[in-house]
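Heads up: the structure comes next, in structure tokens.
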Amino acid sequence: MNIRQVLGLPEVLEAKRVVCVQPHPDDNEVGAGGTIKTLTSKGCEVAYITVTDGRAGAGAGGTAVVADELVTTRRAERMHAGAILGVGVQEELGFPDGGDYTIEDVTARLVALFRRLKPEIVMTVDPWMPYEAHPDHIKTGLAVARALQFCNNAILFPPGDQPPCEIPQVAFYGTSYPNTWVEVTPYWETKMSSLLAHKSQFDNEEWPLLSMYFGYAAQELWRQYRKDPEATGYAEAFKVLATRQLHFFPTALYD
Ligand SMILES: [Zn+2]
């Protein structure tokens, strides 16, 4: 039994309003850039919510001054990348990259935004990816899952200017447990362009190898999906769940 079919939930590519929540300014492009471009090309309204400011993205070259500049740089890069993919609205929560904030802090902000944006599907990182160690990714994924559960709960989250609402499903990208594949072959180069819009992160000597890896991984996902080792094309993969599978639903791992 596929509970999403029983509930009559739309396929990912049939959604008309999608919100993509990313921990850092480039995660949506890495995990779902080709799918986002496919959606906007079909007339879907896609909005971004970016949880942190990306200030820690300078690695070993980081100083306090560099971090402050990076926040501005990465905001511009994020807007540019989103424009390449046809993303309309971009919201930012401004939590410090890698910093001391809680899942509850993020959840409350997301509930308010979800009630305003009313997406049919929310896309985000998979906090249950077994070896995920980055706190921003874990906190963001868990905050999205909680916000989806409680978006329709006026006791836990009293309505402000927007009434409670039901958001029926979630698609985790970059997952180890995919159950949904989207062909992104027509937009592969567009996805790569959107990644390179994040110059501070990708326009460096690692890019030739990294872009090759992205391409190889996406081709492997396509071959897995088609169950054909000779198939040529690119795919992105998601764990798509109905929101009600996010609570007391032991079979969700296998759906
Ligand atoms: Zn990230």
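Only heavy atoms go into these numbers, but all of them, side chains included; no hydrogens, no water, no symmetry mates. No experiment lies behind these values; they were computed from the predicted model shown. Whatever order the structure lists ligands and atoms in, that order sets their numbers, starting from 1. Along the sequence shown, residues are numbered consecutively beginning with 1.
Between the side chains of Y173 and Q22, not a single donor N or O lies within less than 3.5 Å of an accepting N or O.
Side-chain atoms of E236 come within 3.5 Å of backbone atoms of G34 as a donor-acceptor pair (strictly under, hydrogens ignored).
By the criterion of side-chain heavy atoms lying less than 4.5 angstrom apart, applied directly or through intervening Ile, Leu, Val, Met, Phe, Trp or Tyr residues, L85 is grouped together with V18 in one hydrophobic cluster.
Atoms CD1 and CG, from I103 and L110 in turn, are 11.5 Å apart once rounded to the nearest 0.5 Å.
Taking the six-membered ring where the residue is Trp, W128 and F172 present perpendicular rings, their angle passing 60° and hence far from 30°.
The Zn ion (ligand 1) has H24 ND1, D27 OD1, D27 OD2, H137 NE2 as its protein N, O or S neighbours under 2.8 Å.
Taking the side chain as every heavy atom from C-beta outward, K118 and Q162 approach each other to under 4.5 Å.
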